[in-house]
Amino acid sequence: MSATAAPATTTDLSEKQQRILAHLREAAATETYFKSRAIGEELGLSAKEVGTNMGAICEGDFDIDVEKWGYSSGTTWMVTT
């Protein structure tokens with residue numbers, strides 16, 4: 001039997017991660033690409049805080065897919081539903 005970690009669920013997320021996920025779910029209806037800086041401005045977080053917390057969202061099993069997309073002038077995330 002192999003020991004693999006199960007993907008994160010919303011109950012596994014911190015309060016900041018839940019706020020970021022909720023923001024992305026809402027905004028993904030009209031946008032695909034998001035800068036960490038812009039997410040942070042919307043939520044009162046720094047771009048570094050957003051980037052630090054995105055790992056759990058990227059690896060989790062949610063109704064959106066989040067992928068690190070680019071690094072020019074800050075990290076960009078591609079979000080698809």
Side-chain angles (χ1 to χ4, degrees):
M1 204 151 73
S2 68
T4 58
T9 63
T10 53
T11 57
D12 298 328
L13 299 178
S14 71
E15 184 267 335
K16 285 181 186 178
Q17 292 164 343
Q18 289 178 20
R19 288 175 48 212
I20 294 167
L21 180 60
H23 172 74
L24 293 175
R25 282 177 169 153
E26 183 177 320
T30 58
E31 297 179 57
T32 302
Y33 298 97
F34 300 88
K35 292 264 188 205
S36 289
R37 179 180 64 250
I39 296 168
E41 288 172 1
E42 288 287 323
L43 301 176
L45 303 170
S46 71
K48 186 174 183 175
E49 286 176 298
V50 172
T52 299
N53 286 288
M54 288 294 274
I57 296 170
C58 290
E59 295 171 6
D61 185 20
F62 304 110
D63 54 345
I64 62 171
D65 292 318
V66 180
E67 178 183 341
K68 192 179 264 188
W69 188 254
Y71 302 98
S72 63
S73 69
T75 303
T76 301
W77 304 94
M78 182 177 74
V79 179
T80 53
T81 54

Taken in chain and number order and not counting sequence neighbours, the residues that satisfy side-chain contact (heavy atoms from CB on, under 4.5 Å) with Glu26 are none

Nearest heavy-atom contact between Ala27 and Phe34 is CB-CE2, 3.4 Å

Pair Ile20-Leu13, side-chain contact (heavy atoms from CB on, under 4.5 Å): steps then yes or no: CA-CA 10 Å; Ile20 294 167; Leu13 299 178; over 6 Å; no

CD (Glu15) and CG (Asn53) are apart, to the nearest 0.5 Å, by 9.5 Å

- [ ] Is it possible for you to say whether Ile57 and Met78 belong to one hydrophobic cluster, with membership spreading through side-chain heavy-atom contacts below 4.5 Å?
- [x] no

Hey, are the side chains of Met54 and Thr75 touching, using non-hydrogen atoms and a 4.5 Å cut-off? no

Closest heavy-atom pair, Ala28 versus Val79, reported as atoms and distance to 0.1 Å, is CB-CG1, 3.8 Å

Rounded to the nearest 0.5 angstrom, the CG-CG distance for Asp63 and Leu24 is 10.5 Å

Here the salt bridge (charged side-chain N to carboxylate O under 4.0 Å, His left out) pairs for residues 41-53, sequence neighbours left out, are Lys16-Glu49

Exercise. Check the pair Glu67, Trp77 against side-chain contact (heavy atoms from CB on, under 4.5 Å), reporting the backbone distance first and the verdict last.
Key: CA-CA 6 Å; Glu67 178 183 341; Trp77 304 94; over 6 Å; no

The side-chain contact (heavy atoms from CB on, under 4.5 Å) partners of Ala47 (sequence neighbours excluded) come to Ser36, Arg37

In this structure, CD1 of Ile64 is separated from CZ of Arg25 (nearest 0.5 Å) by 6.5 Å

* To do: Determine the interplanar angle of the Tyr33 and Trp69 rings, folded into 0 to 90°, and report it as parallel if under 30°, tilted if 30 to 60°, perpendicular if over 60°.
  => tilted

